[in-house]
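Every chain is numbered from 1 and lettered A, B, ... according to where its sequence line falls, protein lines coming before strand lines.
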Amino acid sequence: MATPEFRLYNTLTRRVEPFAPADGETVRLYTCGPTVYNPAHLGNFRTFLFEDLLRRTLRLRGWKVKQVMNLTDVDDKIIKRAQEQGKRISEITEPITEIFFRDLEYLRIEPAEVYPRATEHIPEMIALVQSLLEREIAYQAEDGSVYFAIARFPGYGKLSRLDTRSIRAGARVAADDYNKEDVRDFALWKAAKEEDEAAGAAWDSPWGRGRPGWHLECSAMARKHLGDTLDIHCGGVDLVFPHHEDEIAQSEGATGVEFSRVWCHGEFLLTEGAKMAKRVGNVTNVDGLREAGISTSAFRHFVFSTHYRKQLNLTEVALEASVSAVRRVDEFADRLYATRGGTAALAVAADELEQDATAALFDDLNAPEAMGALFTFIRKANAELDAGGKGDGELERARNAFGAINKVLEIAPIKRLPGEVSMSPQELIADEETAFDRGVRDWAEERVAARRAARERRDFATSDAIRKELESRGIEIKDTASGTQWKKVR
RNA sequence: GGCGCCGUGGCCAAGUGGUAAGGCGGCAGACUGCAAAUCUGCUACUCGUCAGUUCGAUUCUGACCGGCGCCUCCA
């Protein structure tokens with residue numbers, strides 16, 4: 001099978017264009033990470049899931065990926081929170097960082113290769129500011145802050161295509177900004193205030209005590225871990241301006257070479273038609289998802305059901321549709337791995353799945369279309385499994401194709417063949433959480449056995465009464481060929 | 001005001017200059033003591049409105065209507 005061309009939309013050119021890593025082997029990927037002052041909300045995770053899809057698709061194509069995701073552990077919001085609680089910033093950021101990693105794991109987002117923290121890269125940031133000062137595209141203000149001079153960087157605005165002249169004259173200007181030469185200039189280094197010192201958010205620099213500006217960390221950390229030119233830089237659309245525009249200005253101003261060859265931005269997650277944001281108060285986070293009984297697979301399905309460059313509306317019905325859809329995938333996966341043999345048509349369907357889903361994914365990460373191919377395969381394969389073929393090779397082909405595509409989307413747990421029984425820590429946790437108390441379990445087992453006895457003597461009245469009794473305690477049963485299964489539903 | 005995106009069946013959502021993937025739901029059938037679950041089949045003469053280009057447009061162009069995002073620290 002010929003490998004389809006890999007194409008990505010590049011915000012820089014506003015076009016879908018062919019992509020390959022510069023060295024032909026490893027994709028150097030930088031993804032803007034969270035500011036760790038609050039647990040990330042589902043909107044953040046839509047972006048991280050899009051980036052997860054990207055890295056998995058890059059790997060499906062056969063490339064290696066070196067992904068760097070920064071953790072912003074010093075910024076205004078963190079300092080404000082630390083101040084409110086009389087804490088140092090690390091006391092705020094450390095527990096939140098732990099929650100972040102736990103949430104990533106819950107959503108089965110593949111870990112990045114490096115998670116650099118801003119506070120651990122102060123020397124690199126200072127060095128970057130110094131080279132900008134040497135090149136005279138940055139200047140020091142009276143209070144010790146250092147600003148980037150937009151007017152002295154000709155390429156400014158190439159990513160966002162915002163006409164800087166049209167920025168509204170009446171736009172608010174923060175109180176500490178009166179030192180700027182031009183309102184549009186942004187801070188590279190902020191002179192320390194008392195509250196910064198108190199929160200442990202100030203460092204020595206050639207310009208006195210201070211702390212880094214927001215945009216600076218990404219430029220410095222990307223450069224340190226991935227080199228001067230990245231293959232791909234990702235983030236949410238809201239970062240296009242000013243964050244990414246400013247990163248480009250800083251990095252290219254300092255190095256003189258292109259900062260990132262390709263820029264990819266994921267669209268917003270909306271809640272009932274409006275942008276999801278912490279300040280709006282319509283936040284739902286990963287804990288909310290768990291409480292609502294939305295599985296990881298269901299949420300991934302929900303996110304991948306819309307192309308990453310289109311806004312996605314989070315609604316209860318949409319989530320529930322995904323819960324149902326994913327149940328079918330799961331049933332099918334169980335069946336595929338438990339069955340004995342396949343037919344010739346099954347192998348054909350498997351080839352189609354792999355071809356269609358791969359082509360869709362390589363065409364600017366068209367996950368909705370890839371899922372369409374997956375569901376088409378499931379329908380065809382179910383019919384073929386009903387036909388009961390004997391071919392081991394055909395079955396193997398089906399498992400491989402399904403496994404390969406599911407390895408990218410992961411809307412069903414990754415199946416292991418007999419012998420591969422290792423469970424991830426996450427699965428063990430999930431198991432623990434769905435387990436019931438011993439007492440309830442023993443009682444349920446006993447009742448199910450009593451019902452089985454009743455059914456054997458065709459005493460269906462007793463059988464139905466026991467079912468009702470179980471249901472009243474929140475236990476649902478279903479009779480299958482291999483016996484009666486039961487599970488707690490509430 | 002500037003920049004940009006979107007409007008496809010009851011709901012969600014791909015897509016192409018040549019006549020509409022997929023999911024959810026619904027309906028029917030198979031299975032079942034019943035139930036649930038599962039599987040199978042069916043479910044858009046039509047793609048916001050009005051013009052235009054074209055042999056032909058949902059797909060291109062224009063206008064209009066409706067929804068949304070960005071325009072300094074929000075993924």
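Between A:Arg455 and B:C34 there is no side-chain polar atom (N or O) within less than 4.0 angstrom of OP1 or OP2. Under 4.0 angstrom from either OP1 or OP2 of B:C12 there lies no side-chain N or O belonging to A:Asn313. Dashed line: the shortest gap from a side-chain N or O of A:Ser324 to OP1 or OP2 of B:G25 is under 4.0 Å. Taking only side-chain nitrogens and oxygens, A:Lys310 never comes nearer than 4.0 Å to OP1 or OP2 of B:G69. Between A:Arg328 and B:C24 there is a side-chain polar atom (N or O) within less than 4.0 angstrom of OP1 or OP2.
For A:His307, the listed nucleotide lying nearest its side chain is B:A14; candidates were B:C74, B:C34, B:A14. You'll find that the side chain of A:Pro368 is closest to B:A13, out of B:U40, B:C34, B:A13. Closest to the side chain of A:Glu369, out of B:G33, B:C68, B:G15, is B:G15.
One interatomic measurement links the two molecules: CG of A:Leu159 to C1' of B:U72, which rounds to 15 Å at whole-angstrom precision. Spacing between atom CZ of A:Arg81 and atom P of B:C74 amounts to 12 Å, rounded to whole angstrom units. Look at CZ on A:Phe268: it is 16 Å from P on B:C5, rounded to the nearest Å. The interatomic distance linking A:Leu42 (CG) with B:C74 (C1') rounds to 16 Å, in whole Å. Rounded to whole Å, atom C1' of B:C3 lies 11 Å from atom CZ of A:Phe241. Separating the CE atom of A:Met371 from the C1' atom of B:G23 is a distance of 8 Å, rounded to the nearest angstrom. Protein atom CD of A:Glu352 is 13 Å distant from nucleotide atom P of B:G22, rounded to whole Å. Note: CZ (A:Arg379) to C1' (B:U38) measures 16 Å, nearest angstrom.
Taking the centre of each ring, A:Tyr9 and A:Tyr308 stay at or above the 6.0 Å mark.
With C1' as the reference atom, B:C60 and B:C24 are 33 Å apart, rounded to whole Å. B:G2 and B:G9 have their P atoms separated by 32 Å, given to the nearest Å. Separating the P atom of B:A44 from that of B:U72 is a span of 48 Å, rounded to the nearest Å. With both ends at atom P, the span from B:U40 to B:A75 equals 42 Å, rounded to whole Å. Between B:G17 and B:A21, the distance separating the two P atoms is 16 Å to the nearest Å.
Side-chain atoms of A:Asp464 come within donor-acceptor range of the base of B:G33, with a qualifying N/O pair under 3.5 Å. With hydrogens and angles ignored, no donor-acceptor pair closer than 3.5 Å exists between the side chain of A:Arg46 and the base of B:A75. Residue-to-nucleotide contacts include no donor-acceptor pair under 3.5 Å from the side chain of A:Arg309 to the base of B:C5.
Between A:Arg7 and A:Asp363 there is a salt bridge, with a side-chain nitrogen of the basic residue lying less than 4.0 Å from a carboxylate oxygen of the acidic one. Between A:Asp76 and A:Arg211, at least one side-chain nitrogen of the basic residue sits less than 4.0 Å from a carboxylate oxygen of the acidic one, meeting the salt-bridge criterion. The pair A:Arg300-A:Asp52 counts as a salt bridge, with a side-chain nitrogen and a carboxylate oxygen less than 4.0 angstrom apart. Between A:Arg327 and A:Asp330 there is no salt bridge, since none of the side-chain N atoms of the basic residue sits less than 4.0 Å from a carboxylate O of the acidic one.
A cation-pi arrangement, defined by a distance under 6.0 Å to the six-membered ring centre and an angle within 45 degrees of its axis, is present between A:Arg399 and A:Tyr337.
A donor-acceptor pair is defined here as one N or O able to donate and one able to accept, closer than 3.5 Å; such a pair exists between the side chain of A:Thr31 and the backbone of A:Val68.
Residue order along RNA chain B, read from the 5' end via each residue's closest nucleotide, puts A:Ser305 first among A:Asp386 and A:Ser305. Residue-to-nucleotide proximity on RNA chain B shows that, of A:Ala373 and A:Ala381, the 5′-proximal contact is made by A:Ala373.
The side-chain ring of A:Phe375 is not stacked on the base of B:G22, judged by centre separation under 5.5 angstrom and plane angle under 30 degrees.
Residue contacts for A:Ser463: at a heavy-atom cut-off of 4.0 Å it reaches a base atom on one of the strands shown.
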